[in-house]
Amino acid sequence: MVLTKALRSSQLNNLVHHHKPVRTICLSAPVITNHKNETTKLSQLFSDKTETRQIKRNDNRVVYKELSPTCLRNVYGHNFLRHAAEEFGCKNQEIAKWLSGSELKKVAIFGCPSLSKKAVFSAKILRTFFKIQENMVCSKCVLKQSCKYANQNVWNSNTKNLYLPAVMNVISHYALDSVHPQLIVSDEIKTVVTRLLKVVVKLSQTVS
């Protein structure tokens with residue numbers, strides 16, 4: 001998916017105010033397009049309408065002409081938001097220096113939000129930055145028996161700078177409730193994630 005512009009405050013607010021997803025049925029991964037079949041800016045994809053207009057394709061995929069909160073209640077919508085959040089992090093790295101180190105460290109110590117490789121490595125990048133030993137986190141993790149990367153370090157990771165895309169990947173998992181079913185997220189972590197996202201939203205309005 002090609003994004004023509006970094007995620008801005010209106011889209012970040014979807015993470016801050018996201019409600020627990022409901023079960024939906026989707027034929028295939030949505031293809032984001034506009035009526036001219038051109039790449040669409042993120043700010044143009046969100047609508048205030050309660051329904052999402054769709055077009056059926058011959059290959060059984062559903063083409064979303066615009067995104068609404070209804071569309072974002074399934075796994076494809078979650079993936080879209082997480083990808084957009086990471087893209088925002090890539091293009092707005094300077095925001096990282098304004099985020100609370102103590103709150104980010106709490107998120108890092110809590111562990112990994114899921115067992116997907118990207119989520120695990122993003123969480124490990126945070127722990128590397130804060131010099132948190134992997135065995136200290138992995139030994140207490142309820143997912144350790146199923147994890148392929150338990151007690152493994154991330155090599156060649158930049159430990160001098162906080163990598164914002166990794167931060168956005170991890171906290172967007174918690175914000176969207178896209179965590180492993182066995183993982184119980186504490187109220188403290190939920191509160192910390194909400195505060196971090198609110199800061200990101202506020203700072204996103206100041207960056208060019």
Side-chain angles (χ1 to χ4, degrees), residues 1-3 5-7 11-12 14-16 18 20-21 26 28-32 42 45 67 71-93 95-96 99 103-138 140-185 189-190 192-194 196-197 200 204:
M1 185 183 300
V2 178
L3 301 178
K5 190 173 182 179
L7 187 66
Q11 288 76 47
L12 288 171
N14 279 281
L15 299 181
V16 178
H18 176 78
K20 190 172 183 179
C26 191
S28 180
V31 178
I32 310 302
L42 270 173
L45 291 176
L67 290 182
C71 173
L72 298 177
R73 290 174 185 167
N74 56 53
V75 64
Y76 305 110
H78 288 187
N79 290 340
F80 177 88
L81 275 181
R82 283 200 302 273
H83 178 78
E86 287 184 69
E87 284 289 302
F88 173 85
C90 288
K91 297 179 181 180
N92 297 278
Q93 177 61 38
I95 284 179
L99 299 180
E103 294 192 333
L104 283 171
K105 191 172 183 178
K106 289 179 182 179
V107 174
I109 292 175
F110 183 75
C112 304
S114 79
L115 292 178
S116 69
K117 183 176 180 179
K118 179 171 282 191
V120 170
F121 275 64
S122 293
K124 285 179 179 290
I125 288 172
L126 288 186
R127 294 198 286 273
T128 300
F129 175 78
F130 287 107
K131 296 180 172 56
I132 300 170
Q133 297 297 317
E134 284 295 304
N135 60 353
M136 185 185 81
V137 176
C138 296
K140 302 175 183 178
C141 182
V142 296
L143 308 178
K144 62 183 177 182
Q145 299 300 328
S146 305
C147 185
K148 299 178 181 179
Y149 310 103
N151 298 314
Q152 296 182 22
N153 294 312
V154 178
W155 298 104
N156 299 322
S157 178
N158 185 352
T159 59
K160 294 182 179 180
N161 298 305
L162 180 64
Y163 189 52
L164 190 59
V167 172
M168 297 305 297
N169 181 279
V170 172
I171 64 177
S172 63
H173 270 84
Y174 294 122
L176 293 167
D177 293 325
S178 299
V179 300
H180 194 279
Q182 295 180 9
L183 191 65
I184 300 176
V185 183
I189 294 299
K190 292 178 181 179
V192 166
V193 166
T194 299
L196 287 169
L197 281 171
V200 173
S204 71

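In terms of modelled atom types and a separation under 3.5 Å, the side chain of Gln93 and the main chain of Leu162 share a donor-acceptor contact. Under the 3.5 Å distance criterion, the side-chain polar atoms of Asn92 are matched with a main-chain donor or acceptor of Phe88. The backbone N or O of Leu99 sits nowhere less than 3.5 Å from a side-chain atom of Glu103 that would complete a donor-acceptor pair. Side-chain atoms of Lys124 come within 3.5 Å of backbone atoms of Tyr149 as a donor-acceptor pair (strictly under, hydrogens ignored).
When side chains are defined from C-beta on, Phe110 does not count as touching Val170, because their heavy atoms never get closer than 4.5 Å. His180 places none of its side-chain heavy atoms less than 4.5 Å from the side chain of Ser116. Residues Thr194 and Leu197 have side chains not in contact (no heavy-atom distance under 4.5 Å, counting atoms from C-beta outward).
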**Asked** Does the side chain to side chain contact (heavy atoms under 4.5 Å, CB included) test come out yes or no for Leu104 and Phe129, once each step is laid out?
**Response** CA-CA 10 Å; Leu104 283 171; Phe129 175 78; over 6 Å; no

**Request:** Applying side chain to side chain contact (heavy atoms under 4.5 Å, CB included), run through Ser146 and Leu115 and close with a yes or a no.
**Result:** CA-CA 8 Å; Ser146 305; Leu115 292 178; 3.7 Å; yes

**Request:** Quick one: do Ser178 and His78 satisfy side-chain hydrogen bond (donor to acceptor under 3.5 Å, both in side chains)? Show the steps, please.
**Result:** CA-CA 8 Å; Ser178 299; His78 288 187; 3.1 Å; yes

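Here the closest non-hydrogen pair linking Met168 and Ser172 is O-OG, 2.7 Å. Across all non-hydrogen atoms, the minimal contact from Ala108 to Ile132 is CB-CD1, 3.8 Å. Nearest approach of Leu196 to Val107, heavy atoms of both residues: CD1-CG2, 4.2 Å. Across His173 and Ser114, no two heavy atoms sit closer than the pair NE2-OG, 3.9 Å.
Lys117 forms a cation-pi arrangement with Phe121, by the criterion of a distance under 6.0 Å to the ring centre and an angle within 45° of the ring axis.
Side-chain atoms of Glu134 and Asn151 form no donor-acceptor pair, as typed in the model, at a separation below 3.5 Å.
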